[in-house]
S.K.: 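Sharing a structure, written as structure tokens. Questions coming.
Worth saying up front: this structure is predicted, and the values here are computed from it rather than measured. By convention in this document, chain letters (A, B, ...) are assigned in the order of the sequence lines, proteins followed by strands, and residues within each chain are numbered from 1.
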There are 2 protein chains.
Amino acid sequence: MVHFECGRSDHAILKGSGAMPTWITPISMKQSQKRNLAGTVYTRLKEDIFEFRLLPGDRFTETEVALRTGVSRTPVREALFRLAREGHIEVVSRNGWHVKPLDFTLFDHLYDVRIVLELAAIDRICKMVETPALDELEAIWLAPRDQRLRDGTPVAGLDEAFHEALIAATGNPEMVRIFHDITERIRIIRRLDFTQPARIDQTYEEHARILKSILSRKQDQATLLLKTHIEISKAEVKKITLHRLYEARAQSA
Amino acid sequence: MVHFECGRSDHAILKGSGAMPTWITPISMKQSQKRNLAGTVYTRLKEDIFEFRLLPGDRFTETEVALRTGVSRTPVREALFRLAREGHIEVVSRNGWHVKPLDFTLFDHLYDVRIVLELAAIDRICKMVETPALDELEAIWLAPRDQRLRDGTPVAGLDEAFHEALIAATGNPEMVRIFHDITERIRIIRRLDFTQPARIDQTYEEHARILKSILSRKQDQATLLLKTHIEISKAEVKKITLHRLYEARAQSA
DNA sequence: GGTCACGGTCTTGTATACAAGATGGTATTC
DNA sequence: GAATACCATCTTGTATACAAGACCGTGACC
């Protein structure tokens, strides 16, 4: 088994430099209102990781994050532990934190579990006495060509929602929760799939075909289409990620 | 959908009384060595919940736990957040913590996901070019009758290990991790299944049959047996749990 | 007698101070 | 010149002090 890791551990990001970092900035009053500071820091840091403002392998300390967000270490630590538990970052005992390097073996396994869960969902949906309402999905993915979105960011969100909706249709909230966790862990590479217009089109086509198969209760067809769809996406995303990481490194170097 | 909840929110456990509580006691030097305090508190509290020293619905505060364990609130909070994230306890904003009430709807869903994952594992194992080595399982579950364990506690552990081993045989560590999380969440009721000698025997029989089916690559048979096995266990456990909870309440009242 | 307002108390949320271990550079020794 | 021991510094781990919101009982008022 090849353990294929990507990351940079050779240097920290803007450590102690005078330049303003591109990532996390002080929390304003408005942002933290209604939610606690730990939750806000958590959300912000997660965004920073997903948006590649914090690159895989980047090292940082609790004090750094605390200073930049303008809160104390206590809520920062709470946020960091949550992110660690979800597999986004890691702590080295008394030696700082770092964003987990991209590990394609890990992503393979996660995509594999995704397939297991989604195919099980298809199975259950097709075996229900009556197919559950999937109106919202139909409105989005079976819409005429000219109503399709072209911007990658919202399409990435719709894509996640499509697959989560399939799971949700089983009526099992725990399955949804587990699936959602997986979705969040692969998001960092998955969203890159929607930076190419051709891939967006292809996603629309494939989702439409899958949806039609489910609605007409052709389980075998739906299963095959969905499995292929996920595997194509996985391969595509892997290719793009390697390219993007190379670019990001070149830019920050 | 009937939301069937069991718990007691009417009174806290030994709150402020002079009597020594049955649950969590001060952490000794030896226990905390090599691990951090938060981890120790986490483990101890989880045990207390599993052993019914802390009953579903029981309320408690961070200060209480801190006093009893002899550590400060900081590591206690870290432990509590971990337990909360794993679904064992819950915090009510600025109003204390409580052990999550038993929710059989939730357990139904978790058992359902269990079935999905285990059947997928069977599928993958049976489709492998060569069946992976399951020597340890064979040694335990295909052993002669007189070598069977009779004490429920170790059998409960072996049972968990049996099902986790099936998942592990797929070679997907993420699936194992997810499965393990589910195992921990249903453990509180599942281990009660092994308090009856008849159920221990039945488990041995069923595991043996499942194992033989897998080894002879009879996928359909293995699938059916495993599915039935899990569903029987689920029903049995539900029955016992309600009985035990009744007893525990009567005793503490 | 019932209802609403108010304040004390309890609980979590957050900030800060201190402790202990890990790292890396430097000086010393062979 | 290389290796090793040591110390300064940095980082997390833990304890404690303080802040803010929620709950509950009490008292006044209608």
Side-chain angles (χ1 to χ4, degrees), chain A residues 9-17 24 26-45 58-85 89-100, chain B residues 9-17 24 26-45 58-85 89-100:
Chain A
S9 53
D10 49 325
H11 69 289
I13 209 171
L14 290 169
K15 185 174 173 186
S17 78
I24 211 158
I27 292 174
S28 72
M29 289 296 172
K30 288 169 189 168
Q31 280 179 313
S32 66
Q33 273 197 347
K34 201 64 188 168
R35 293 186 63 189
N36 53 13
L37 296 180
T40 311
V41 174
Y42 164 80
T43 307
R44 298 267 304 278
L45 270 175
D58 275 347
R59 296 176 61 178
F60 60 91
T61 69
E62 296 172 2
T63 313
E64 266 177 55
V65 179
L67 284 174
R68 301 214 197 285
T69 53
V71 304
S72 79
R73 273 181 58 215
T74 308
V76 167
R77 275 172 66 83
E78 200 179 311
L80 292 180
F81 282 128
R82 282 183 65 186
L83 289 167
R85 161 85 195 163
I89 62 178
E90 242 175 358
V91 59
V92 194
S93 180
R94 288 191 163 86
N95 194 24
W97 296 74
H98 62 90
V99 183
K100 270 203 181 177
Chain B
S9 54
D10 50 326
H11 68 290
I13 211 170
L14 289 170
K15 186 174 172 184
S17 78
I24 211 159
I27 292 174
S28 72
M29 290 296 172
K30 289 168 190 169
Q31 280 178 313
S32 65
Q33 275 198 342
K34 202 65 189 165
R35 294 186 60 188
N36 55 9
L37 295 180
T40 310
V41 173
Y42 164 81
T43 306
R44 298 269 302 279
L45 271 174
D58 276 348
R59 296 176 59 179
F60 59 91
T61 70
E62 295 172 2
T63 313
E64 266 176 55
V65 179
L67 284 175
R68 301 213 198 288
T69 53
V71 303
S72 78
R73 272 181 59 216
T74 309
V76 167
R77 277 172 64 84
E78 200 179 309
L80 293 180
F81 282 126
R82 280 183 65 184
L83 289 166
R85 162 84 197 167
I89 61 178
E90 241 174 358
V91 60
V92 195
S93 179
R94 287 190 165 85
N95 194 25
W97 296 73
H98 62 89
V99 182
K100 271 204 182 176

S.K.: Without decimals, in angstroms, what is the distance between A/R59 CZ and D/dT12 C1'?
M.R.: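 After rounding, the reported distance stands at 13 Å.
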S.K.: Tell me: CZ of B/R94 to C1' of D/dA19, nearest whole Å?
M.R.: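 Going from B/R94 (CZ) to D/dA19 (C1'), I get 8 Å.
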S.K.: Round to a whole Å and report the spacing from CG of B/N95 to P of D/dC24.
M.R.: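 So the CG-P distance, B/N95 to D/dC24, works out to 7 Å.
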S.K.: Once you round to the nearest 0.5 Å, how far does CD of A/E64 lie from CZ of A/R59?
M.R.: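 It is 10.0 Å, given to the nearest 0.5 Å.
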S.K.: May I have the distance from A/I89 (atom CD1) to D/dT12 (atom C1'), rounded to whole angstrom?
M.R.: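 It is 13 Å, rounded to the nearest whole Å.
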S.K.: Figure out the CD/P separation between B/E78 and D/dG13, and round it to whole Å.
M.R.: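 Whole-Å distance recorded here is 7 Å.
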S.K.: Take the protein atom CH2 of A/W97 and the nucleotide atom P of D/dT12, then report the distance between them rounded to whole Å.
M.R.: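 It is 8 Å, rounded to the nearest whole Å.
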S.K.: How close or far is atom C1' of D/dT12 from atom NE2 of A/H98, stated in whole angstroms?
M.R.: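 My rounded result for the distance is 14 Å.
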S.K.: Of all the heavy-atom pairs spanning B/A38 and B/A79, show the shortest one and how long it is.
M.R.: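 In this case the closest contact between B/A38 and B/A79 is O-CB, 3.5 Å.
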S.K.: With DNA chain C as reference, determine whether A/V92 or B/F81 sits nearer its 5' end, using the nearest nucleotide of each.
M.R.: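 The residue mapped nearer the 5' terminus is B/F81.
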S.K.: Assess the residue pair A/F81 and A/I89 against the criterion (side chain to side chain contact (heavy atoms under 4.5 Å, CB included)); give the C-alpha distance rounded to whole Å, side-chain angles, the decisive distance to 0.1 Å, and a yes or no.
M.R.: CA-CA 9 Å; A/F81 282 128; A/I89 62 178; over 6 Å; no
S.K.: Given atom CG of B/N36 and atom C1' of D/dT14, what is their separation to the nearest angstrom?
M.R.: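 After rounding, the reported distance stands at 10 Å.
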S.K.: Please list each protein N or O that sits under 3.5 Å from an N or O in nucleotides 15-17 of chain D, with the distance.
M.R.:
unit_1, atom_1, unit_2, atom_2, d
D/dA15, OP2, B/S72, N, 2.7
D/dA15, OP2, B/S72, OG, 2.8
D/dA15, O5', B/S72, OG, 3.4
D/dA15, N7, B/T74, OG1, 2.7
D/dT16, O4, B/T74, OG1, 3.3

S.K.: About how many Å separate CG of B/L67 and CZ of B/R73, when rounded to the nearest 0.5 Å?
M.R.: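 Spacing of CZ (B/R73) from CG (B/L67) equals 11.0 Å.
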S.K.: To the closest 0.5 Å, what do you measure between CZ (A/R77) and CD (A/E62)?
M.R.: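 Answer for the CZ-CD pair, A/R77 versus A/E62, is 4.5 Å.
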S.K.: Once you round to the nearest 0.5 Å, how far does OG1 of B/T61 lie from CH2 of B/W97?
M.R.: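 Spacing of OG1 (B/T61) from CH2 (B/W97) equals 11.5 Å.
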S.K.: First locate atom CZ of A/R94, then atom CG of B/N36, and finally report the distance between them rounded to the nearest 0.5 Å.
M.R.: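 Going from CZ on A/R94 over to CG on B/N36, the span is 9.0 Å.
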S.K.: Does the side chain of B/L80 come within less than 4.5 Å of B/L45's, by heavy atoms?
M.R.: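 Of all side-chain heavy-atom pairs linking B/L80 with B/L45, at least one is under 4.5 Å.
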S.K.: Please name all residues satisfying side chain to side chain contact (heavy atoms under 4.5 Å, CB included) with A/V92, sequence neighbours left out, ordered by chain then number.
M.R.: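 Scan of A/V92 (side chain to side chain contact (heavy atoms under 4.5 Å, CB included), adjacent residues dropped) gives A/N95, A/H98.
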S.K.: Report for the helix from C/dG1-D/dC30 to C/dC30-D/dG1: angle between first-end and last-end helix axes, five pairs each, rounded to 10 degrees.
M.R.: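 Axis angle across the helix from C/dG1-D/dC30 to C/dC30-D/dG1, nearest 10°: 0°.
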